[in-house]
Undergrad: 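Below you will find the structure I want to go over with you.
By convention in this document, chain letters (A, B, ...) are assigned in the order of the sequence lines, proteins followed by strands, and residues within each chain are numbered from 1. Quick caveat: nothing in here was measured; it's all calculated off a predicted structure.
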2 protein chains.
Amino acid sequence: MVQRQEPDGMDLVHLLRETTLRLDLAGARFAGRNGLHPTDLRALISLLDAARAGEESTPGRLGAHLGLNSAGTTALVDRLERLGLIRRVRDTRDRRRVLLEVDDRAIALGQSFFGPLIDRALALLATFDAGERAAVHRFLSGVRDAASADDEGA
Amino acid sequence: MVQRQEPDGMDLVHLLRETTLRLDLAGARFAGRNGLHPTDLRALISLLDAARAGEESTPGRLGAHLGLNSAGTTALVDRLERLGLIRRVRDTRDRRRVLLEVDDRAIALGQSFFGPLIDRALALLATFDAGERAAVHRFLSGVRDAASADDEGA
DNA sequence: GGCAAGTATCTCGTTGAGCGAGATATTAGG
DNA sequence: CCTAATATCTCGCTCAACGAGATACTTGCC
């Protein structure tokens with residue numbers, strides 16, 4: 001509410017932070033409404049992304065991606081399976097491995113969460129010209145890389 | 001890697017999601033490294049923001065902001081106080097209220113986390129002209145509002 | 001002044017996500 | 001086959017967060 005048309009750097013930094021916080025809260029709220037936990041939702045997103053990219057998902061990969069240990073990962077997969085969102089299928093090539101298959105129910109759930117958000121974002125972006133979209137892209141990529149750079153930090 | 005100069009809406013939506021995920025992970029990693037929980041870090045951010053804006057913080061406001069109930073909020077404030085990051089001070093005007101004061105230690109901690117990130121973001125933004133910064137601002141505001149709109153949802 | 005209602009915070013008992021350690025099953029190599 | 005490596009799961013535990021309700025203080029009404 002302070003900014004008119006000349007936002008400076010710090011304004012944008014704080015706006016970004018507030019935006020990510022709101023997105024997190026929206027996710028947590030949606031998760032609670034559907035009887036799952038924030039971690040469950042993040043796991044679902046990860047699984048749907050992997051499926052979209054044509055990659056196989058296993059408990060090991062999922063746990064590593066979310067920063068959980070093996071016990072926590074098993075509990076997570078148990079919850080998702082109990083909810084009927086995913087299925088465990090033994091890999092026939094390497095029978096130590098378990099592949100995680102997302103159910104259609106999970107896909108529908110993901111869309112019911114992201115759908116409205118995506119629609120609003122797309123409607124907004126439709127009012128942007130190519131240069132403006134490029135600016136947004138450049139900013140987000142930069143921030144993503146800056147956040148990732150901290151991973152090596154310690 | 002896929003984008004050159006004409007990112008479309010969906011590209012930006014996915015980029016935004018990946019960016020917020022990276023920021024979350026960076027936050028969780030930093031929190032773990034400093035012996036606190038993701039919630040503690042979020043609380044600290046909220047408190048530092050309020051202080052920056054010259055607003056008074058109370059357990060009630062903090063808990064509402066983070067979506068915690070009163071018991072969880074008390075436990076959170078206990079943790080932060082035990083760590084010496086904040087202090088509880090009774091409001092002399094309305095002695096039912098407790099004001100939360102952030103310690104210098106908390107400010108230093110916040111800067112050690114956000115400092116590098118902010119520096120990189122500011123360096124990036126320095127290469128943006130006014131129109132580009134306005135575009136970023138418009139996009140982030142829109143997404144923030146779209147995420148907040150879900151709050152009324154149920 | 002004193003009492004009822006309202007507001008802000010804290011306490012108690014419980015649940016459950018996630019951790020560390022280690023068990024189990026399967027594969028690969030000598 | 002026997003050992004090492006890999007993938008997943010089990011057990012026992014800790015602690016963040018919840019619901020319910022207690023406590024402390026303020027405000028308004030008589």
Undergrad: Using side-chain contact (heavy atoms from CB on, under 4.5 Å) as the criterion, list what pairs up with A:Phe114, not counting sequence neighbours.
TA: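 Listed in chain order: A:Ile45, A:Ile118, B:Arg17.
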Undergrad: Hey, does A:Ala75 reach any base, or is it just sugar-phosphate, or nothing, if we go heavy atoms under 4.0 Å?
TA: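 The residue A:Ala75 makes no contact with any strand.
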Undergrad: Going by the rule side-chain contact (heavy atoms from CB on, under 4.5 Å), which residues pair with B:Ala121 if we only count those two or more places apart in sequence or in a different chain?
TA: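 Scan of B:Ala121 (side-chain contact (heavy atoms from CB on, under 4.5 Å), adjacent residues dropped) gives A:Val13.
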Undergrad: Using only side-chain N and O atoms of B:Arg82, determine if any of them is under 4.0 Å from OP1 or OP2 of D:dC15.
TA: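 No, B:Arg82 has no side-chain N/O under 4.0 Å of OP1/OP2 on D:dC15.
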Undergrad: So, using side-chain contact (heavy atoms from CB on, under 4.5 Å) as the criterion, who are the partners of A:Glu18 when residues are at least two apart?
TA: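 Expected list: A:Arg22, B:Arg144.
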Undergrad: Quick one: salt bridge (Lys or Arg N to Asp or Glu O under 4.0 Å) partners of B:Asp91, sequence neighbours excluded?
TA: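 Only B:Arg97 meet the salt bridge (Lys or Arg N to Asp or Glu O under 4.0 Å) criterion with B:Asp91.
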Undergrad: Tell me which residues in residues 48-67 of chain B put a heavy atom below 4.0 Å from DNA chain D, sorted by number, or none.
TA: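 Output list: B:Gly67.
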Undergrad: Show every ring pair (Phe, Tyr, Trp, His ring centres under 6.0 Å) that has at least one partner inside residues 24-51 of chain A, sequence neighbours left out.
TA: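 The answer is A:Phe30-A:Phe113.
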Undergrad: Nearest 0.5 Å, what's the CG-OG1 distance between B:Asp145 and A:Thr19?
TA: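 Separation between the atoms: 8.5 Å.
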Undergrad: Could you say whether A:Ser70 or B:Thr73 is positioned toward the 5' end of DNA chain C, judged by the nucleotide with the nearest heavy atom to each?
TA: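 Closest to the 5' end, via its nearest nucleotide, is B:Thr73.
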Undergrad: I'd like to check A:Leu15 versus B:Val136 (side-chain heavy atoms, cut-off strictly below 4.5 Å). Are they in contact?
TA: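 No - every pair of side-chain heavy atoms lies 4.5 Å or more apart.
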Undergrad: Do A:Ser57 and A:Leu62 have side chains that approach each other closer than 4.5 Å (heavy atoms only, starting at C-beta)?
TA: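 When only atoms from C-beta onward are counted, A:Leu62 and A:Ser57 do not touch, as no gap falls below 4.5 Å.
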Undergrad: In whole angstrom, what separates B:Leu80's CG from D:dA17's P?
TA: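 It works out to 11 Å between those atoms.
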Undergrad: Name all pairs fulfilling the side chain to side chain donor-acceptor pair (under 3.5 Å) condition that reach into residues 61-80 of chain B, sequence neighbours left out, sorted by first residue then second.
TA: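 Sorted result for residues 61-80 of chain B: B:Asp40-B:Arg79, B:Ser46-B:His65, B:Asp78-B:Arg88.
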Undergrad: If you take any heavy atom closer than 4.0 Å to DNA chain D, which residues from residues 34-47 of chain B end up in contact?
TA: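 Within this stretch, B:His37, B:Thr39 sit under 4.0 Å of the strand.
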Undergrad: Starting at atom CG of B:Asn69, determine the distance to atom P of D:dA20, rounded to an integer number of angstrom.
TA: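 The answer, rounded to whole Å, is 10 Å.
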Undergrad: Taking only distance into account, with no hydrogens and no angle test, what donor-acceptor pairs under 3.5 Å do side-chain atoms of residues 99-106 of chain B form with protein atoms, sequence neighbours excluded?
TA:
unit_1, atom_1, unit_2, atom_2, d
B:Glu101, OE1, B:Arg87, NH2, 3.4
B:Asp103, OD1, B:Arg87, NH1, 2.8
B:Asp103, OD2, B:Arg105, N, 2.8

Undergrad: Grouping I, L, V, M, F, W and Y whenever their side-chain heavy atoms are under 4.5 Å apart, do B:Ile107 and B:Val89 come out in a common cluster?
TA: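 No, no single cluster joins them.
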Undergrad: Can you list everything that forms a side-chain contact (heavy atoms from CB on, under 4.5 Å) with A:Arg52? Sequence neighbours excluded, please.
TA: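 Expected list: A:Asp49, B:His14.
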Undergrad: Under 4.0 Å from any heavy atom of chain A: name the first and the last nucleotide of DNA chain C that qualifies, 5' to 3'.
TA: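 Contact span on the strand: C:dA17 to C:dT27.
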Undergrad: Would you tabulate the pairs of protein nitrogen or oxygen atoms and nucleotide nitrogen or oxygen atoms of nucleotides 24-26 of chain D closer than 3.5 angstrom?
TA:
unit_1, atom_1, unit_2, atom_2, d
D:dT26, OP1, B:Arg95, N, 3.1

Undergrad: If you compare all heavy atoms of A:Leu125 against all heavy atoms of A:Arg133, which two are closest, and at what distance to 0.1 Å?
TA: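 For A:Leu125 and A:Arg133, the tightest heavy-atom pair comes out as O-NH1, 4.0 Å.
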